[in-house]
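Beneath this line is the structure, given in structure tokens, with notes to follow.
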Amino acid sequence: MLTGGGARSAYQVGVLKGVAELLRRGSACPFPVITGTSAGAVSAIALASDAAHFRRSVFGIERVWRDFRVGQVFKADAVSMLKSGLHWMLAFITGGWLVHSPHSIFDNTPLWNLLRDQLHFDGIPRSLYKEHLQAIGVCATCYADADSVTFYASSTPIEPWERVFRKGARTPLTLHHLMASLSIPFLFRPVKLNGQYFGDGAMRQTSPLSPAIHLGANRLFIIGVNDPVAADVVAKPSDVEPSFGQMFGFMLDSLFMDQLNADLERISRYNEVNDTQRIEYLVMTPSRDVNEIARRHASEMPRSLRVLLRAIGANTPANALLLSYLLFERGFTRELIAMGYEDARARADEIRAFLALENSRQFRAVPR
């Protein structure tokens, strides 16, 4: 299970790279069921499209993330940012009479083009047919009925499900399903699918673990991107009113993180009373503060985007949360990949045991 997290999702690539090096060369994907939300859905699709060659698919993902630029995700040049700002200003001033109301802050056409070139959706049916994969699910949110929808494909008949505010829909997965899952509210415009508009999959995902379980998983390898919880640290009270950038950063953090933690707590309680049908899980999250890493790489962002962040009060060290989600620059993503890889190395024995990789190749010893 790959959670959402914007630029933070580079950490997931590092963890996957660490897992790949635990396997024998030429091994197929060790995960029969893969689910992804928002940025995590990109890696999920990449793994599913080449499930017969896990290491090759992971290294393909890494090549993209290692050389990322903000301009590959959305138009961040001065002209595009100025046009967007003027559009918003005229819409507010004229009440939408002179120009139509804007659909988003950023134009993510570059991301459409990048994923169209890099991902091969036609490989998913092949992975399912050859039984290298059991199921793949991508989560998005329907604006019409406020449901969290898991679009999925599977090698065996899995009936669509309907629960309160969440359901599964079996369908051939396309770039439009992925881009719908990636459409963070306000930042990117929604995507139209089957006559309805969809946005980021984390918005209404009240139970983020359920899609994988519905698709047949009973052991969950979860790669999140939330910061480590500091022990015995009491937050300092502040009488400074939070800026728009700080509040928007908290909104994204709540969007991507809070439901996962609540669902893990529910699974733990379920396991306490269901010894015979337990749902085992292993959670990988960053071992260091991602916000601190983002602060060190803030100068790599395009000048026009830094000006925007300054205007909304997201350019100070205390407001780095929003920055960490938007910092699609290779200095930042490479450091997160390295941290994910190091974390996987540090927990190699635990991962090997969880995935039952008794005969897998060991990590080479690293000179100290």
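These numbers come from a predicted model, not from an experiment.
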TODO: Would you mind reporting whether F165 and S207 have side-chain heavy atoms less than 4.5 Å apart?
DONE: no
TODO: Would you mind reporting whether F188 and L182 have side-chain heavy atoms less than 4.5 Å apart?
DONE: no
- [ ] Would you check if L327 and M301 make a side-chain contact, meaning some heavy-atom pair closer than 4.5 Å?
- [x] yes
Open item on the list: Taking the basic N atoms (NZ, or NE/NH1/NH2) and the acidic carboxylate oxygens, is any pair closer than 4.0 Å for R269 and E272?
Closed with: no
Open item on the list: Quick one, R345 with E342, criterion salt bridge (Lys or Arg N to Asp or Glu O under 4.0 Å). Give me CA distance, side-chain angles, the key distance, then yes/no.
Closed with: CA-CA 5 Å; R345 288 183 62 122; E342 292 165 3; over 6 Å; no
TODO: With rounding to the nearest 0.5 Å, note down the distance linking CG in L133 to CG in D50.
DONE: 11.0 Å
TODO: Decide whether F151 and L2 are clustered together by the hydrophobic rule: side chain heavy atoms of Ile, Leu, Val, Met, Phe, Trp, Tyr closer than 4.5 Å, transitively.
DONE: yes
Task: Atom pair CD/CH2 of Q12 and W65 - distance to nearest 0.5 Å - done: 8.0 Å
Open item on the list: If hydrophobic clusters are built by linking Ile, Leu, Val, Met, Phe, Trp and Tyr wherever their side-chain heavy atoms come under 4.5 Å apart, do V13 and Y325 end up in the same one?
Closed with: yes
Task: Full working for side chain to side chain contact (heavy atoms under 4.5 Å, CB included) between V290 and F332 - done: CA-CA 9 Å; V290 178; F332 179 62; 3.8 Å; yes
Task: Residue pairs fulfilling side-chain hydrogen bond (donor to acceptor under 3.5 Å, both in side chains) with at least one residue in residues 153-167, sequence neighbours excluded - done: D145-K167, S154-R170, R166-S210
Task: Beyond-backbone contact of Y152 with T35, side-chain heavy atoms, under 4.5 angstrom - done: no
TODO: Search all heavy atoms of G201 against all heavy atoms of T37 and return the closest pair with its distance.
DONE: C-CG2, 3.6 Å
Open item on the list: With a 4.5 Å cut-off on side-chain heavy atoms, are F106 and S80 touching?
Closed with: no
- [ ] Would you confirm whether R8, through its side chain, and V225, through its main-chain N or O, come within 3.5 Å as a donor-acceptor pair?
- [x] yes
Task: Residues in salt bridge (Lys or Arg N to Asp or Glu O under 4.0 Å) contact with D200, at least two apart in sequence or another chain - done: none
Open item on the list: Taking side-chain contact (heavy atoms from CB on, under 4.5 Å) as the definition, give me every residue that meets it alongside A180, ordered by chain and number, with sequence neighbours left out.
Closed with: A140, V191, L193, F198
TODO: Check whether any side-chain heavy atom of D343 sits under 4.5 Å from a side-chain heavy atom of Y11, and report yes or no.
DONE: yes
TODO: Determine whether V33 and I222 fall in the same hydrophobic cluster, where Ile, Leu, Val, Met, Phe, Trp and Tyr are linked whenever their side-chain heavy atoms lie under 4.5 Å apart.
DONE: no
Open item on the list: Tell me if the CD atom of E280 is crowded by more than 12 foreign heavy atoms within 6.0 Å.
Closed with: yes
Open item on the list: Aromatic contact between F328 and F68, with the criterion being ring centroids under 6.0 Å apart: yes or no?
Closed with: yes
Open item on the list: Take a 6.0 Å sphere around CZ of R296 and say whether it holds more than 12 heavy atoms from other residues, nucleotides or ligands.
Closed with: yes
Task: Any residue meeting salt bridge (Lys or Arg N to Asp or Glu O under 4.0 Å) with R69, in chain and number order, not counting sequence neighbours - done: E329
Open item on the list: Under 4.5 Å side-chain heavy-atom separation, chaining through any Ile, Leu, Val, Met, Phe, Trp or Tyr, what else clusters with V307? Say none if it is isolated.
Closed with: none
Task: Heavy-atom side-chain contact between I34 and C29 under 4.5 Å - done: yes
Task: Electrostatic pair E21:K17 at N-O distance under 4.0 angstrom - done: no
TODO: Grab the two heavy atoms, one from C139 and one from S181, that are nearest each other, plus how far apart they are.
DONE: O-OG, 2.6 Å
Open item on the list: Tell me if the OH atom of Y197 is crowded by more than 12 foreign heavy atoms within 6.0 Å.
Closed with: no
Open item on the list: With heavy-atom distances below 4.5 Å as the criterion, would you say the side chains of K75 and P110 are in contact?
Closed with: yes
- [ ] Mind listing the closest non-hydrogen atom pair of S57 and A46 along with its distance?
- [x] CB-O, 3.8 Å
Review item, side-chain donor-acceptor pairs of residues 111-120, under 3.5 Å, at least two apart:
{"residue": "N113", "atom": "OD1", "partner": "R116", "partner atom": "NH1", "Å": "3.1"}
{"residue": "N113", "atom": "ND2", "partner": "T109", "partner atom": "O", "Å": "3.4"}

TODO: Give, for atom OG1 of T333 and atom CD1 of I337, the distance between the pair rounded to the nearest 0.5 Å.
DONE: 5.0 Å
TODO: For the pair R55 (side chain) and A20 (backbone), establish whether a donor and an acceptor sit closer than 3.5 Å, ignoring hydrogens and angles.
DONE: yes
Task: F186, CZ: over 12 other non-hydrogen atoms inside 6.0 angstrom - done: no
Open item on the list: Between D67 and R334, does any side-chain N to carboxylate O distance fall below 4.0 Å?
Closed with: yes
Task: From SG (C142) to CE (M203), nearest 0.5 Å - done: 9.5 Å
